[in-house]
Participant: 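Please find one structure pasted underneath; my questions will follow.
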Amino acid sequence: MTEPHILDDLAWRGLIAQTTDLDALRRDLDAGMVTLYSGIDPTAPSAHIGHLLQWLTLARFQRAGHRPIALVGGATGLIGDPKPTSERTLNDRDVVAGWVDKLGAQLRPFLDFSGGDNAALLVNNLDWTEGLSALDFLRDVGKHFRVGRMLAKEAVSRRMESDEGISYAEFSYQLLQSYDFLELFRRYGCTLQTGGSDQWGNLTAGTDLVHRVEGRSLHALGTPLITKADGTKFGKTESGTVWLDRELTSPYAFYQFWIQAEDAMVGTYLRAFTWLSHDEITELERLTEEMPQAREAQRALARSVTGMVHGEVEVERAEAASRALFGRGELAQLDAGTLAAAIAEIPSYTTARDEKPTIVDLLVGSGLSASRGAARRTVAEGGAYVNNTKVETEDWEPADGDLLHGRWLVLRRGKRNAAGVELAGA
RNA sequence: GGCGGGUUGCCCGAGUGGCCAAAGGGAGCGGACUGUAAAUCCGUCGCGCAAGCUUCCCAGGUUCGAAUCCUGGACCCGCCA
């Protein structure tokens, strides 16, 4: 099968929500190498899977022969993109700078920086805004913006209508981001900006600015906001955002997030987040339709994305742990090595046998329950398990016979949340 | 600068002296069903085994008693200048 055109591939993957001028973009892409960019702001010490989608989109263009620029917003991160809901809290400069470094390191594996005409670039918009004086900024950038249009932007107008309003700083955000596009056009001949469709206002503000200043019509491409089937936020679990940083979201938890994907959306996720071919994905979608309980598509999705972010070794570990914890086999029959490996993947803690912990102690100690009251509730609701056996009473204590290989317990709250406990001391 | 309105639990939002640990909705969590899916139904949802403790922007005060009243402060919004 020959490679489809990059735009056709993106369209097939459901990654094109809106574009400035699709035909013009196609002509430019066909005429030769296009330099494009996508930026993310450092608002946390790690990127999450929404950012991953943007980086993957850049990577898809790069594989099609174009040159990606990954921007990390060291400057824009100091101001804050207006959220429709509320004003952001300003972060300290050195904190933001630290996050810029982390995000930069985190994105490197997804793009090819190793030479060639279309080697990727990593840039920080603080490099060209830090030295800019307020007067220059207002004259060179601000003068080209009409407040009426700025107010019309979705996020701004929503905020204007809210009780909280919007600060001048956040209101100015779109000028900063627009200036990035202008600067990247001048420095690198960058002619396309991609981003989430929630960034559409900022993307077009950029093309407008370049048009005014340079007389060139550049391109913008917005990827759709990925949601769950009911339209609610994607990328959250009980414990919060799904991060790429393994310290914040363990590879096992990352794998579990994907394997729990809804049937109705697993195809969408496969298309957007994996490098699997059209044929492979079509086949997985067919399997989901015909034998959903086999969860082949979810498995392929989890394997693929986890592999991309954390590597194949982590995939193997996560799969092995998942088999052990969710499999049909008795936990007691697992050998010590397999069990230890599985427990290493899930949250776990060690407590002393002398403590005589009850099920409530164990649930709280392992972090599975937020408070003793919550732990009791879980037991009362029938949601507490030790070694896959339901615990019926609050004052249950592990007997020696309950310890797997003489020291471990596998706790579970509900169907999906597992934790390990090691009981130390003879 | 003037005048008016506002700040309640994760979110929205009722509550204007006791019946308020605080209605209702959403989200979340657990169960049933199933497939580590969705939908649906049921339950639950400050901390504590309990007695009780700590909450309704912050600090004081009035009162037997305050989320509710008073004083001061912070922050937000609107209109006018």
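Here the structure is a predicted model, which is why all the values come from computation and not from measurement. The sequence lines fix the lettering, A, B, ..., with proteins before strands; numbering per chain opens at 1.
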Participant: Mind checking A:Glu262 for me? I need base, sugar-phosphate or nothing, with any heavy atom below 4.0 Å counting as a touch.
Facilitator: sugar-phosphate
Participant: Got a sec? Which of residues 301-312 of chain A come in under 4.0 Å of RNA chain B, heavy atoms?
Facilitator: none
Participant: Please evaluate the base of B:G30 for a donor-acceptor partner in the side chain of A:Arg377 within a cut-off of under 3.5 Å?
Facilitator: no
Participant: What is the base-pairing partner of B:C69, counting Watson-Crick and G-U wobble geometry with both distances under 3.5 Å?
Facilitator: B:G61
Participant: Taking B:A27 as the reference, what is the distance to B:G9 when you measure between their C1' atoms (whole Å, please)?
Facilitator: 13 Å
Participant: Tell me the interatomic distance from A:Glu394, atom CD, to B:A50, atom C1', rounded to whole angstroms.
Facilitator: 12 Å
Participant: What is the distance from CD1 of A:Ile346 to P of B:U36, rounded to the nearest Å?
Facilitator: 17 Å
Participant: Who does B:A32 pair with, Watson-Crick or G-U, both distances under 3.5 Å?
Facilitator: B:U40
Participant: Would you indicate what A:Gln256 reaches in the nucleic acid, counting non-hydrogen atoms under 4.0 angstrom: base, sugar-phosphate, or nothing?
Facilitator: base
Participant: So which nucleotide does B:C47 pair with, by the Watson-Crick or G-U wobble rule with both distances under 3.5 Å?
Facilitator: B:G52
Participant: Return the nearest nucleotide to the side chain of A:Arg372; candidates are B:A38, B:U36, B:G48.
Facilitator: B:G48
Participant: Check every atom of B:A32, B:U36, B:G30 against the side chain of A:Arg413 and return the nucleotide holding the closest atom.
Facilitator: B:G30
Participant: Evaluate the criterion salt bridge (charged side-chain N to carboxylate O under 4.0 Å, His left out) for residue pair A:Arg246 and A:Glu314; output intermediate values, then yes/no.
Facilitator: CA-CA 10 Å; A:Arg246 58 180 303 144; A:Glu314 294 297 348; 3.0 Å; yes
Participant: On the six-membered ring of A:Trp258, is A:Arg303 placed so that its NZ or CZ lies under 6.0 angstrom from the centre and within 45° of the ring axis?
Facilitator: no
Participant: Under the salt bridge (charged side-chain N to carboxylate O under 4.0 Å, His left out) rule, what do A:Asp208 and A:Arg212 come out as? Steps first, then yes or no, please.
Facilitator: CA-CA 6 Å; A:Asp208 287 351; A:Arg212 289 226 173 74; 5.5 Å; no
Participant: Without hydrogens or angle criteria, can the side chains of A:Gln199 and A:Asp81 be said to hold a donor-acceptor pair below 3.5 Å?
Facilitator: yes
Participant: What's the CD-P distance between A:Gln293 and B:A38, to the nearest Å?
Facilitator: 15 Å
Participant: Rounded to whole angstrom, note down the C1' distance from B:G15 over to B:U68.
Facilitator: 8 Å
Participant: Looking at A:Asn417, does any N or O in its side chain come under 4.0 Å of the phosphate oxygens OP1/OP2 on B:C29?
Facilitator: no
Participant: Nearest-nucleotide wise, let me know which of A:Arg412 and A:Ala374 is further upstream toward the 5' end of RNA chain B.
Facilitator: A:Arg412
Participant: Which nucleotide, B:A38, B:A32, B:G35, lies nearest any side-chain atom of A:Asp263?
Facilitator: B:G35
Participant: Starting from P on B:U36, measure out to OH on A:Tyr269 and report it in whole angstrom.
Facilitator: 19 Å
Participant: Quick one: does A:Glu381 reach the base of B:G43 with a side-chain donor-acceptor pair under 3.5 Å?
Facilitator: yes
Participant: If I pick the C1' atom on B:C64 and the same atom on B:C11, what distance separates them, to the nearest angstrom?
Facilitator: 37 Å
Participant: Between A:Ser371 and B:G48, is there a contact of a side-chain N or O with OP1 or OP2 at under 4.0 Å?
Facilitator: yes
Participant: Just to be sure I understand the rule, does A:Ser322 reach a base, reach only the sugar-phosphate, or reach nothing, if contact means heavy atoms closer than 4.0 Å?
Facilitator: base
Participant: Give me the distance, rounded to whole Å, that separates B:U54 from B:A14 when you measure between the P atoms they each carry.
Facilitator: 29 Å
Participant: Between A:Leu363 (CG) and B:C29 (P), how many Å, whole number?
Facilitator: 16 Å
Participant: Check the distance between B:G30's P and A:Leu368's CG and give it to me in whole angstrom.
Facilitator: 9 Å
Participant: Please check if any side-chain donor atom of A:Asn125 sits under 3.5 Å from a side-chain acceptor atom of A:Thr76, or the reverse.
Facilitator: yes
Participant: Counting C-beta onward and ignoring hydrogens, is there a side-chain heavy-atom pair between A:Leu270 and A:Leu284 closer than 4.5 Å?
Facilitator: yes
Participant: For B:G78, what is the paired nucleotide under Watson-Crick or G-U wobble rules, both distances under 3.5 Å?
Facilitator: B:C3
Participant: Is there side-chain contact between A:Gln174 and A:Tyr179, with heavy atoms separated by less than 4.5 Å?
Facilitator: no
Participant: Expressed as a whole number of Å, how far does the C1' atom of B:C19 sit from that of B:G65?
Facilitator: 13 Å
Participant: State, without any angle test, whether A:Thr358 and A:Asp395 hold a side-chain donor-acceptor pair at a distance under 3.5 Å.
Facilitator: no
Participant: Would you say a side-chain N or O of A:Tyr385 is under 4.0 Å from OP1 or OP2 of B:G31?
Facilitator: yes
Participant: Can you tell me the distance, in whole Å, between the CG atom of A:Asn388 and the P atom of B:U36?
Facilitator: 12 Å
Participant: Could you work out the separation of B:A67 and B:C20 based on their C1' atoms and round it to a whole Å?
Facilitator: 8 Å
Participant: What's A:Arg295 touching, base or sugar-phosphate or nothing? Going by heavy atoms closer than 4.0 Å.
Facilitator: base
Participant: Considering the options A:Arg295, A:Gln293, A:Gln298, which one meets the side chain to side chain donor-acceptor pair (under 3.5 Å) requirement together with A:Asp263?
Facilitator: A:Gln298
Participant: Is A:Leu423 close to A:Pro357 at the side-chain level, that is, under 4.5 Å between some pair of heavy atoms?
Facilitator: yes
Participant: Calculate the interatomic distance between A:Met265 atom CE and B:A37 atom P; express it in whole Å.
Facilitator: 17 Å
Participant: Please determine if a side-chain N or O atom of A:Arg376 lies less than 4.0 Å away from the OP1 or OP2 oxygen of B:C49.
Facilitator: yes
Participant: Quote, to the nearest angstrom, the P distance that separates B:G25 from B:C45.
Facilitator: 14 Å
Participant: Between A:Thr378 and A:Ala370, name the one whose nearest nucleotide on RNA chain B is closer to the 5' end.
Facilitator: A:Thr378
Participant: Using the P atom on both, measure B:U62 against B:C12 and round to a whole Å.
Facilitator: 34 Å
